[in-house]
There are 2 protein chains.
Amino acid sequence: MASSVRDVAREAGVSVGTVSNVLNRPEKVSPSTIERVTAAIERLGFVRNDAARQLRAGRSRTIGLVVLDTRNPFFTDLAHGAQARTLDAGFTVLLGGSDESSEREAALLDLFEEHRVAGLLISPVRTDLSRLRRLREAGTPVVLVDRGSSDLSFSSVSVDDVEGGRVAVQHLIDIGRKRIAFIGGPLSIEQVAQRFKGAQTATAAHADVALVAHSTNALTVSEGRRIGEQILAVPAGDRPDAIFAANDLLALGVIQALALNRSLRIPDDIALVGYDDIDFASAAAVPLTSVRQPATEIGATAIELLMREAGGDHAPEQVVFQPQLITRFSTLGQSAHEASRGQPTEV
Amino acid sequence: MASSVRDVAREAGVSVGTVSNVLNRPEKVSPSTIERVTAAIERLGFVRNDAARQLRAGRSRTIGLVVLDTRNPFFTDLAHGAQARTLDAGFTVLLGGSDESSEREAALLDLFEEHRVAGLLISPVRTDLSRLRRLREAGTPVVLVDRGSSDLSFSSVSVDDVEGGRVAVQHLIDIGRKRIAFIGGPLSIEQVAQRFKGAQTATAAHADVALVAHSTNALTVSEGRRIGEQILAVPAGDRPDAIFAANDLLALGVIQALALNRSLRIPDDIALVGYDDIDFASAAAVPLTSVRQPATEIGATAIELLMREAGGDHAPEQVVFQPQLITRFSTLGQSAHEASRGQPTEV
DNA sequence: TCGCAAGAATGAAACGATTCATAATCGGAG
DNA sequence: CTCCGATTATGAATCGTTTCATTCTTGCGA
């Protein structure tokens, strides 16, 4: 049923080489021949077989992207940015979610490796990068996304998560909170660890401020809800007066849980800061103060670094964006609607 | 750098055929040979070349999924369902977003066709299905998702959108609204047209209820915001007293826009119903009444139909799920927190 | 008319895994 | 000790595209 260049060649009365040239270097072929071949292609409904093409080329025209969670709008936006930046170059982005599981991540890498992807963008689950190192040595350019490369051995596009954690918690301290809960996990995820470290940095300078970590199994709405319920179960006097969630999904889950107790108010009783500033944060039941990361730009930049890496044997390059605290009702309450004080405020 | 079966064969002192057998039918190979080959593979870091494998096989082990918007959580969930259902079968889902553009959709189909995908799941932009028909005739099973096949010529998994539109608007009528605005578009998208049709059905029986359609260019938050602002600009007396948005993203945009006018209240002045019941609907600034579709299940079922279609030459099969109205604050106001009246209510 | 350079077209070889008809090997029955 | 069937292993052929060293055409100047 499916026709090949050979069929097209026969139909057009030319050689297979010529058909290939029409497809790939039309400037090498005379106009009349091009037309004849094009007509034959049309008539036969010929469609290039990508597998054969790749086999010959040795590499695919696909770039693998492994993220922690394909349902998290932050990563969706990141993927969108990568995709867009990739279109013109004629590449395709193959997206996979590791669901924060090392096994799933390994399976995706297997898949991408068998696919001979032209490059790999990854937000790794574990800190161990040996497999990525091997991959790169085998000739596949690798760029870490949303995550720095501590030893600078990889190119990476990230946001300063320590700083992000710091400004989030500093903000909570600024509005007078003393008993701060950090929720997020597992800590094996670099981003989570860094944000927590930033939180510690901020509290370190204040002897009267306590920071307690609640570990989650994943960065999802339902985990947020779970921890939220746990916090609700604590006697009112012992509850934290502020929560810093490692991402917005967790924070939204917390909002949902806290809404169950109608006498508890955000931010009066508990202030809340999220992370990522996904689109839904500003439209949340309680508009969420959050640390914004430029998701789309991260994706686009990662592709750029990848291309550069694929070009020559560049030294790895680190791009670090600065996070930006967006304050809203969940920490400022009514005053969120008033003029901002140097910090960006959005309603 | 990359090694082939030939290298492995040499290293293990066997023939290429045997290596292939170890990989694909180990039961045909003696244990000792398996071990020798496995060791060689390990030593060489051999990774199967998928392109070569596919070339020989004629088809890839990939299933293409084309959705309208990769950033819409509804489709993300749908993709997740498909992915999950596909894993065991050893297939991969390749996800692409058409962004509601026919050109982009065509480009994705080109890509998938060159890839010789094993099957195609698609939520088409246009009503014209001729290309899909051709694709199927060429041997690629096709299943429509989130969209019925009016002439029953394709297998499809959908939700009864007419009914969904009807219950949404009936609910608005039940709570006493008379001037209802439908927002959504373009109408060339089947789902949107169906939901509107359902809305008309509901209003038809009530002479005193008016239905006005506001056409959007896309089903996104920003388009929702735009229409919301338009509605705000209308003199208070002429404004609709209810809005039915064709999806939740639009509805969230409307909420954001209406929030600009602090004297206008949801649902008192304008009630609002969305569609899809994405996770964020319940956590929205105004918890959103919405028509729920079982996104994950749709994806999973679509894969099942696809497999069946790929098996024998089945007659096309239509699976239609029933939508479910979830009522929340955006239509019921305070009473949303009270006991439900037969209709599912969630807070 | 001949020779020649530039332009166009050719087709065999190569990419790497899989298949399958054929060959080798082995163990046990007679 | 042979022979036979069953179990394993072999390797050439194949999938479809691209590449590239060759060959074939042209048109034109000498």
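In this text, all values refer to a predicted model and were calculated from it rather than measured experimentally. So that the names make sense, note that chain A is the first sequence line, chain B the second, and so on, each numbered from 1. Just the heavy atoms: all of them, side chains too, but no hydrogens, waters or symmetry mates, feed the values below.
A salt bridge does not link B/E105 to B/R131: none of the charged nitrogens lies less than 4.0 Å from a carboxylate oxygen. Comment: A/R71 engages B/D77 in a salt bridge, judged by a side-chain N to carboxylate O separation of less than 4.0 angstrom.
Taking atom CG on B/N24 and atom P on C/dA17, their separation rounds to 11 Å, with Å as the unit. Between A/R10 atom CZ and D/dG16 atom C1' there is a gap of 13 Å when expressed in whole angstrom units. Whole-Å rounding puts the B/E27 CD to D/dA6 P distance at 18 Å. Regarding A/R116, its CZ atom lies at a distance of 21 Å from the P atom of D/dT17, rounded to whole Å. Between the C1' atom of D/dA21 and the NZ atom of A/K28 lies a distance of 14 Å, rounded to the nearest Å. Spacing between atom CZ of A/R59 and atom C1' of D/dT18 amounts to 17 Å, rounded to whole angstrom units.
Looking at heavy atoms from C-beta onward, A/R53 lies in side-chain contact with A/N24 at the 4.5 angstrom threshold.
Side chain of B/S30, nearest nucleotide from D/dT8, D/dT17, D/dT18: D/dT8. Between D/dA9, C/dT18, D/dT17, one nucleotide has an atom nearer to the side chain of B/L23 than all others, and that is C/dT18. Candidate nucleotides C/dT18, D/dA9, C/dA9 were compared by shortest atom distance to the side chain of B/R48, and C/dT18 ranks first. Closest contact between the side chain of B/R25 and the listed nucleotides C/dA8, C/dT18, C/dT19 involves C/dT19.
Each of A/F46 and B/R36 was assigned the nucleotide of DNA chain D with the nearest heavy atom; the assignment lying further toward the 5' end belongs to B/R36.
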Under 3.5 Å, which donor-acceptor pairs link side chains of residues 91-99 of chain A to any protein atom two or more places apart or in another chain?
| unit_1 | atom_1 | unit_2 | atom_2 | d |
| --- | --- | --- | --- | --- |
| A/S98 | OG | A/V67 | O | 3.2 |
| A/S98 | OG | A/E100 | N | 3.4 |

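Residue A/S20 places none of its side-chain N or O atoms closer than 4.0 Å to OP1 or OP2 of D/dT19.
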Original post:
Can you give one letter per nucleotide of nucleotides 10-15 of chain D, going 5' to 3': B for a protein heavy atom under 4.0 Å from the base, S for sugar-phosphate only, - for none?
Top reply: BBB-BB
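Counting only N and O atoms by type, the side chains of B/Q191 and B/S123 include a donor and acceptor under 3.5 Å apart. B/N72 and B/T70 are not linked by any side-chain donor-acceptor pair at a separation below 3.5 angstrom, with hydrogens and angles left out of the test. At a cut-off of 3.5 Å, with distance as the only test, no side-chain donor of A/E317 or A/S155 sits close to an acceptor on the other residue.
Residue contacts shown for B/D50 are absent, as no nucleic acid heavy atom lies under 4.0 Å away. Using a 4.0 Å heavy-atom cutoff across all strands shown, B/V19 reaches no nucleic acid atom at all.
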